Amino acid sequence: MNTGGIIRIITEAGLSLPPVFQRETPEELARHYNGVGADWFPAWLRKLATKVLVRMEPLAFVHDVEFATSAPNYFAFSIAQVRWAYNALLLVLLVYRRYRLRFLAVAWLCALACQLGGYKGYLRGLRK
């Protein structure tokens with residue numbers, strides 16, 4: 001999905017967004033997005049994950065922007081995970097009705113995995 005389509009879904013679903021979405025243009029926001037998957041994934045694996053988990057792209061887009069622009073502390077990191085889980089709930093209620101349980105389960109597992117093991121990567125990403 002192109003970033004214009006992702007931003008359209010984000011807007012139509014009324015997802016929770018960090019403040020940076022008010023300050024940057026869609027083009028500037030898109031620079032932070034690297035697809036679905038951890039920053040440490042090789043490019044081919046992130047590309048595959050993005051293709052397989054295409055419905056997660058709006059969540060990953062918001063998440064990547066938030067990770068790239070947030071304060072370097074555990075509280076900001078945790079807020080990003082809570083926002084991911086909340087936005088997943090909004091998406092199943094408003095957009096992905098057909099895939100509700102499966103989408104929500106996968107989305108929340110991704111948020112949990114990131115919360116449990118992604119803090120070091122989060123800090124590394126902020127130092128780039």
Side-chain angles (χ1 to χ4, degrees):
M1 186 181 322
N2 64 39
T3 55
I6 296 169
I7 291 172
R8 183 183 51 73
I9 291 171
I10 289 168
T11 303
E12 288 175 2
L15 298 187
S16 173
L17 303 172
V20 68
F21 274 79
Q22 302 299 325
R23 294 189 307 267
E24 293 190 0
T25 66
E27 294 78 21
E28 290 171 324
L29 294 169
R31 285 183 296 142
H32 303 297
Y33 179 59
N34 66 10
V36 177
D39 200 35
W40 57 266
F41 281 8
W44 67 268
L45 182 55
R46 194 173 312 111
K47 188 174 182 178
L48 177 64
T50 302
K51 188 172 186 157
V52 171
L53 300 171
V54 69
R55 289 184 189 88
M56 299 287 171
E57 283 194 278
L59 299 175
F61 189 94
V62 173
H63 198 257
D64 285 356
V65 169
E66 189 160 17
F67 264 32
T69 60
S70 291
N73 60 56
Y74 195 74
F75 180 75
F77 169 78
S78 297
I79 291 295
Q81 309 323 318
V82 171
R83 190 182 316 274
W84 172 292
Y86 175 74
N87 282 341
L89 184 59
L90 287 178
L91 283 174
V92 298
L93 293 173
L94 303 170
V95 180
Y96 301 140
R97 291 182 185 103
R98 181 175 172 204
Y99 308 98
R100 280 187 173 172
L101 291 177
R102 184 173 41 212
F103 178 86
L104 200 55
V106 172
W108 285 2
L109 283 172
C110 289
L112 179 62
C114 190
Q115 182 67 29
L116 295 176
Y119 187 59
K120 286 182 183 178
Y122 168 75
L123 292 175
R124 249 190 328 271
L126 289 173
R127 289 189 207 115
K128 287 184 181 179

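Everything numeric in this text was worked out from a predicted model, so none of it was measured. For reference, positions follow the sequence shown, starting with 1. Only this structure's heavy atoms are used, side chains among them; waters, hydrogens and symmetry mates stay out.
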Which residues pass the side-chain contact (heavy atoms from CB on, under 4.5 Å) test with [X], sequence neighbours left out?
X      : value
Pro19  : Arg23
Ala111 : Trp84
Ala113 : none
Val54  : Met1, Glu57

* To do: Would you please name every residue forming a ring-ring contact (aromatic ring centres under 6.0 Å, His included) with Tyr33, sequence neighbours left out?
  => Phe61

* For Tyr74, enumerate each residue passing the ring-ring contact (aromatic ring centres under 6.0 Å, His included) test, keeping only those at least two apart in sequence or located in another chain. => Phe77, Tyr119

Tell me which donor-acceptor pairs under 3.5 Å the side chains of residues 3-15 have, and how far apart each pair is, sequence neighbours excluded?
from, atom 1, to, atom 2, distance (Å)
Arg8, NH1, Glu12, OE1, 3.2
Thr11, OG1, Ile7, O, 2.9

* Tell me, with the steps shown, if Phe41 and Asn34 meet side chain to side chain contact (heavy atoms under 4.5 Å, CB included). => CA-CA 10 Å; Phe41 281 8; Asn34 66 10; over 6 Å; no

* Listed by chain and number, what are the side-chain hydrogen bond (donor to acceptor under 3.5 Å, both in side chains) partners of Glu27, not counting sequence neighbours? -> Thr25

* Structure fact -> Sequence neighbours excluded, the answer for side-chain hydrogen bond (donor to acceptor under 3.5 Å, both in side chains) partners of Asn87 is none

* **Inter- and intrachain pairs under salt bridge (charged side-chain N to carboxylate O under 4.0 Å, His left out), touching residues 75-85, at least two apart** => Glu66-Arg83

Closest non-hydrogen atom pair between [X] and [Y], with its separation:
X     : Y     : answer
Ser70 : Ala76 : CB-CB, 4.0 Å
Ser16 : Leu90 : N-CD1, 4.2 Å
Arg46 : Val36 : CG-O, 3.1 Å

* Can you find a heavy atom in the side chain of His63 that is under 4.5 Å from one in the side chain of Leu59? -> no

* Is Leu89 reachable from Val82 through a run of I, L, V, M, F, W or Y residues, each pair having side-chain heavy atoms under 4.5 Å apart? -> no

Please tabulate, for side-chain N and O atoms in residues 100-108, each donor-acceptor pair with protein atoms closer than 3.5 Å (sequence neighbours left out).
from, atom 1, to, atom 2, distance (Å)
Arg100, NE, Val92, O, 3.2
Trp108, NE1, Ala85, O, 3.0

* Structure fact -> When rounded to the nearest 0.5 Å, the distance separating SG of Cys110 from CG of Leu53 is 6.0 Å

* Structure fact -> Here the gap from Glu24 atom CD to Arg31 atom CZ, rounded to the nearest 0.5 Å, amounts to 6.0 Å

